[in-house]
Amino acid sequence: MPAERVGGIPFGLGSTKPHNYWEVMRTAWENKRHPLFTWRILRDGVCDGCALGTTGMRDFTMKGIHLCTVRLNLLPLNTMGPLDTRVLEDVNALRSMSSKGLRALGRLPYPMVRRRGEPGFHRISWDDALGIAARRVRTSPPDRIAFFVTSRGMTNESYYVAGKVARFLGTNHIDNSSRPCHSPSTTGLKDTIGVAASTCSYADWIGSDLIVFFGSDVPNNQPVTTKYLYYAKKQGTKIAVVNPMREPGLERYWVPSVPNSALFGTRFADAFFPVHTGGDIAFINGVLKHMIERGWVDDAFVADHTTGFEALREVIEHESWEELERQSGLRRQAMFDFAEMYMRARTAVFVWSMGITHHRFGVDNVKAIVNLGLARGIVGRVQCGLMPIRGHSGVQGGSEMGANPKDFGLGFPVNDPNADRLQGIWGFRPPTAHGMTAVGMIDAAHAGGLDVLYMAGGNFLETLPEPEYVREALARVPLRIHQDIVLTSAMLVDPSYAVLLFPAQTRYEQRGGGTQTSTERRVYFSPEIPGRRIGEARAEWEIFMQLAERVRPEAAHQIHFEDGNAVRAEIAKAIPAYDGIENLREKGDAFQYGGPRLCEGGIFPMPDGRARFTVVSPPDAIIPDGQFLLSTRRGKQFNSMIQGEIDPLLGARRRDVLIGAEDAASLKLVEGDDVLVSNDLGSYRGQLRLAPIRPRNVQIYWPEGNVLIRRGIVDPACEMPDYNALVRIEPIPAPRRSS
Ligand code: SF4
């Protein structure tokens, strides 16, 4: 079956779309200083972009080249030279620079320190840097020390050693960047089906009867999925999108690695369901209501493999259509259309991302998707599955390796029996009190409750709500350690006592290579790439380890690893799901833990072997008159790393306020008008841009929009911040011309 073309104009000339071939040429130019090193990273390394996963420029899903502009745009981070450390002597001069500008200064080459009252940083030796850190850690109570590990190129080895080091120092205050991404997914899935990762493989997309994207824009975030979708469409797969914005990339895309699609484009989505922001539960309950009324539920699967359906049925039967329509923003006919499409599909894969998780009810959103999946038994079968698709390469491994305040590692929550078990492997007993999440760390820092905050990558200033509050919190921590490859704005926050910069190596530079886990649970080996190295930058796992050895030299043998192989050998023992990681040594080495599909045959790793339906009620969705519901979106960026001013899929600029034509008309505004978006928390000046978004919903780009997002509103089950807000929009009068 041919996938439907977009039109007859070659390469979509004149359309708003990414220009992939131009990006390839631009990247080649930007990386011209180290062409061989760059080529080796591409040819042999595991992509450090999104969590789709590659080995070199290949993958395990289909033949052909696997490469995208996200990876190309990230390459300069891996190939650029060192920054001139003199620029750090006066941080005031750096404060006006954008994060993009700070990154472009170059890689951090040496350990640096800035003490209270000093205008900037100066270079010190590793010995001195570790000495300063060790003295402060040694004199601090363990519950006043916290670690945060981002996913920027981080390997499983680094996560694992960070998690072990935190426990070695007596604290479970360690979190990772999957918190502000998919913590509702891991919590929601674990509670209902007993696993906390994608139940299927990407290969299950191809030929599945139906793929549904809930709050997910894969052409933007995981671009090579468009190739998978192209081949899925060729096999007759239908694609449905449940999202407030009619995302252009899901409507049509020019897949650069498929000649036919690169030339004429491919239409993807067969149906859009433009729900209200946060209206997914109401929509799904409405779909289930239709399915129950028409007998479209797979009764045999429900009876044989699940519990809790009757309670859900009873609640849904009493939910009125009027309420479900009001809360979802869609008519019952749309819910019927979805239900019918789903009923006709023998196989289906549900994919979701931040549009589902970034809510104070993110866990309930995930459980609603699970309810829908279980109603037709789309788990544990070929071409079926539930997939919380990950953003950043390596983020899947973060929590699974134990860089998590409530888990020692995949399958081992923080508790006494698991602490006893780890004592047998580690030689010391980890603490058993739950640690703080990233949100909790910032609150503790603000309240003066932290002595040491060790951040490996990441930038809370740009990822958490209320940046000014975060800035105050960071400034109150006596010792901040920023371990990173480049400069970030958070490093420039004044020290309360001292700020240390630890220069890190990229995953490609670390001796002996490292491993990374993809969304589909595939653990890849990324070899060390020979070539230039930056100053005195060290492997991330080694820095964690060396600090721990300095803090407790008498017990250094308990935390010491000779090399990456030794770390992997211990991971295999401590986290049995990762058994096999100790055998990964060369490019191309990989294994998929759990196999292609989890819960095969409808057997769920729950106490009774059954999956659980959950009664989830739609959250209140009242938007007061005169206000709009704001959500934040990503453009040409990778997490908080903004790579371009224009979102190539939408043609919007970073400062644009995206609004539907109907709403703009009701405000008597037109495209291009300057507007003030505000609430009681703050304000944001932008320019109106018309977009295919449902009425009363607006979007601005993240992290700029964080000034309007209130801290402290989190999902109680996992502390995921709610990245949405009610706002007003008003015109900014044009300045009067002086006569
Ligand atoms: S789709 Fe993701 S994994 Fe693949 S090349 Fe692009 S950024 Fe890398």
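These numbers come from the heavy atoms of this one structure, side chains and all, not from hydrogens, waters or symmetry mates. Just follow the structure's listing: the first ligand is 1, and inside any ligand the first atom is 1. Computed from a predicted model, the values in this text were never measured in an experiment.
Residues Ile575 and Tyr160 are in side-chain contact: their nearest non-hydrogen atoms beyond the backbone lie under 4.5 Å apart.
Regarding atom 1 (S) of ligand 1, its nearest protein heavy-atom neighbour is Val224 N, 3.4 Å. For atom 8 (Fe) of ligand 1, the nearest non-hydrogen atom of the protein is Cys47 SG, 2.3 Å. The protein heavy-atom contact nearest to atom 4 (Fe) of ligand 1 is His66 NE2, 2.2 Å.
Between the side chain of Thr155 and the backbone N or O of Gly514, no donor-acceptor pair lies under 3.5 Å. Judged by distance alone, with hydrogens and angles left aside, the side-chain atoms of Ser201 form no donor-acceptor pair with the main-chain N or O of Ala203 at under 3.5 Å. Put simply, the side chain of Arg521 gets close to the backbone of Tyr593: a donor and an acceptor are under 3.5 Å apart.
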Derivation of the side-chain contact (heavy atoms from CB on, under 4.5 Å) call for Tyr578 and Met401
CA-CA 9 Å; Tyr578 273 73; Met401 288 294 108; 3.5 Å; yes

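Ring pair His358/Tyr723 is tilted by interplanar angle, where 30° to 60° counts as tilted.
The contact set between ligand 1 and Cys68, taken as ligand atoms under 4.0 Å from a residue heavy atom, comprises 1 (S), 5 (S), 6 (Fe), 7 (S). Those atoms of ligand 1 that come under 4.0 Å of a heavy atom in Gly53, given as number and element, are 3 (S). Taking every heavy atom of Val70 and a limit of under 4.0 angstrom, the matching atoms of ligand 1 come to 7 (S). Counting the atoms of ligand 1 from 1 in the order shown, those under 4.0 Å from a heavy atom of Pro223 are 1 (S).
In summary, Cys50 places no N/O/S atom under 2.8 Å from atom 6 (Fe) of ligand 1, failing the contact criterion.
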